[in-house]
*Asks:* 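Sharing a structure, written as structure tokens. Questions coming.
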Protein chains: 2
Amino acid sequence: MKMSGGVEWALHCAFALTAADHPVSAARLAEMHDVSASYLAKQLQAMSRAGLVRSTQGNLGGYELTRPPSRITVLDVVEAVDGPTPAFLCTDVRARGPLAASPEACRTPCAIHRAMTAADEAWRASLRSVTIADLAAQVTGEHGRGVLDGVRNWFNAAP
Amino acid sequence: MKMSGGVEWALHCAFALTAADHPVSAARLAEMHDVSASYLAKQLQAMSRAGLVRSTQGNLGGYELTRPPSRITVLDVVEAVDGPTPAFLCTDVRARGPLAASPEACRTPCAIHRAMTAADEAWRASLRSVTIADLAAQVTGEHGRGVLDGVRNWFNAAP
DNA sequence: AGAGTTCCGGACAAGAGTTGTCCGAGTTGC
DNA sequence: GCAACTCGGACAACTCTTGTCCGGAACTCT
């Protein structure tokens, strides 16, 4: 089981956009993190489809957050990029083979399915409890306010 | 993000082996669940490597649980088949690019890394809280004792 | 209005990981 | 000792992710 690597990029972008007061282009975000611009664009488009960021075209266009960072959870970003589908999908094994359970017994999800769903929900709840603003607060609390200021200055500097 | 489909098979096998008092061959387990025998063998080998089941070769060989089902958690099976690697792997994006953080600032995992690790741990804790015996108890509580008895009888019947 | 940016969506190739199959090594029972 | 049966790991086929690229549309500045 592996999560899409683009999730990490998207989270870092969401964190960086916290310090921006202008739209930031995808190319600039890619340059900042030293990652592929073409591929990062794909993640940003996914975030745009999910309504987390707003994209403006044109000369001074780019991406900006649609909501205050305290209203964007880590789960929002993960689901936007990686998809909302749970990792475990039940194929109803109990309904196959010579000992197949009766169809009416399969109306409720099986015990295995429930255990996996509960774990998935615990995972989501944990990600839902952390917002982008929390991440920013942790970073400034540990490494000082200079980090976000540096990002803002770099965004405002000429390319 | 998608989990290996073999995890579901392995869990069903672990559940079925609860009702067995003899070693059961991989072919018989595959026939019972109507899945590919060759591929199911791979999952059983992984469980054997993890020490969850013991394999005996020869004429009446097969697989059997090494511990009582109350000592085998769902997480044990998931990690045996799907691997113990967490889904999220941090590539230390903050240490790259023109705004790279200083190396000494990267001694501790970044905030994003911590959030993902905490969620992963919550997921694992949920899976760890359910044992194979719990699954069997749920099934008998909902569909009666006949289910496990049927499995046992089918195992004891001649192929 | 025109030129220069920028995003958007899709098509496309490369790579990794999963899914599935096969045959040899070893063991057991007769 | 023999034969039958089993597991175990090595071997392809396939799907999905990763990554790239290009044309079209929209916006800003001159």
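Naming: A, B, ... by sequence-line order, numbering from 1 per chain.
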*Asks:* State plainly whether the residues B:R49 and B:E79 are in salt-bridge range, i.e. N to O under 4.0 Å.
*Replies:* no

*Asks:* What's the separation between atom CG in B:D76 and atom CZ in B:R67, rounded to the nearest 0.5 Å?
*Replies:* 5.0 Å

*Asks:* Can you check the A:L44 CG to D:dG19 C1' distance for me, whole Å?
*Replies:* 15 Å

*Asks:* Starting from P on C:dT6, measure out to CZ on A:R28 and report it in whole angstrom.
*Replies:* 10 Å

*Asks:* Between B:T56 and B:D82, just flag the one whose closest nucleotide in DNA chain C comes earlier from the 5' side.
*Replies:* B:D82

*Asks:* Specify the residue among A:G5 and B:S48 whose closest nucleotide of DNA chain D lies further upstream toward the 5′ end.
*Replies:* B:S48

*Asks:* Among the candidates D:dC7, C:dT18, D:dT18, find the nucleotide nearest to the side-chain atoms of B:Y39.
*Replies:* C:dT18

*Asks:* Does B:R107 pair with B:E104 as a salt bridge, N-O distance under 4.0 Å?
*Replies:* no

*Asks:* What is the distance, rounded to the nearest whole Å, between atom CD of A:E8 and atom P of D:dT18?
*Replies:* 12 Å

*Asks:* Calculate the interatomic distance between B:L60 atom CG and C:dG29 atom C1'; express it in whole Å.
*Replies:* 7 Å

*Asks:* Could you tell me which non-hydrogen atom of B:A105 sits nearest to which non-hydrogen atom of B:R94, and how far apart they are?
*Replies:* O-NH1, 3.7 Å

*Asks:* More 5' along DNA chain D: A:G58 or A:G6, using each one's nearest nucleotide?
*Replies:* A:G6

*Asks:* Quick one: A:H22 NE2 to D:dT28 C1', roughly how many Å, whole number?
*Replies:* 15 Å

*Asks:* Between B:S4 and C:dG17, is there a side-chain N or O to OP1/OP2 distance below 4.0 Å?
*Replies:* no

*Asks:* Do A:Q57 and C:dC7 share a donor-acceptor pair, side chain to base, under 3.5 Å?
*Replies:* yes

*Asks:* Please check if any side-chain donor atom of A:D134 sits under 3.5 Å from a side-chain acceptor atom of A:T131, or the reverse.
*Replies:* yes

*Asks:* A:K42 side chain: which of D:dA26, C:dT6, D:dG19 is closest?
*Replies:* D:dG19

*Asks:* Just to be sure I understand the rule, does A:A26 reach a base, reach only the sugar-phosphate, or reach nothing, if contact means heavy atoms closer than 4.0 Å?
*Replies:* sugar-phosphate

*Asks:* Between D:dT17 atom P and B:M3 atom CE, what is the distance in whole Å?
*Replies:* 15 Å

*Asks:* When we call it a touch if two heavy atoms are under 4.0 Å apart, what does A:M1 touch: a base, just sugar-phosphate, or nothing?
*Replies:* sugar-phosphate

*Asks:* Cation-pi check, A:R128 to A:W123: give yes when NZ or CZ is under 6.0 Å from the six-membered ring centre and within 45° of the ring axis, no otherwise.
*Replies:* no

*Asks:* Atom OH of A:Y63 to atom P of C:dT5: distance rounded to whole Å?
*Replies:* 19 Å

*Asks:* Between B:S25 and D:dC7, does any side-chain N or O lie under 4.0 Å from OP1 or OP2?
*Replies:* no

*Asks:* Between atom CG in A:L89 and atom P in C:dT18, what is the gap in whole Å?
*Replies:* 14 Å

*Asks:* Between B:S38 and A:Q45, which residue's closest nucleotide on DNA chain C lies nearer the 5′ terminus?
*Replies:* A:Q45

*Asks:* To the side chain of B:N59, which of D:dA25, C:dT28, C:dT21 is closest?
*Replies:* C:dT28

*Asks:* Out of C:dG20, D:dG19, D:dG8, which nucleotide sits closest to the side chain of A:S36?
*Replies:* D:dG19

*Asks:* A:R54 side chain N/O closer than 4.0 Å to the phosphate oxygens (OP1, OP2) of C:dC7?
*Replies:* no

*Asks:* Between A:K2 and D:dT18, is there a contact of a side-chain N or O with OP1 or OP2 at under 4.0 Å?
*Replies:* yes

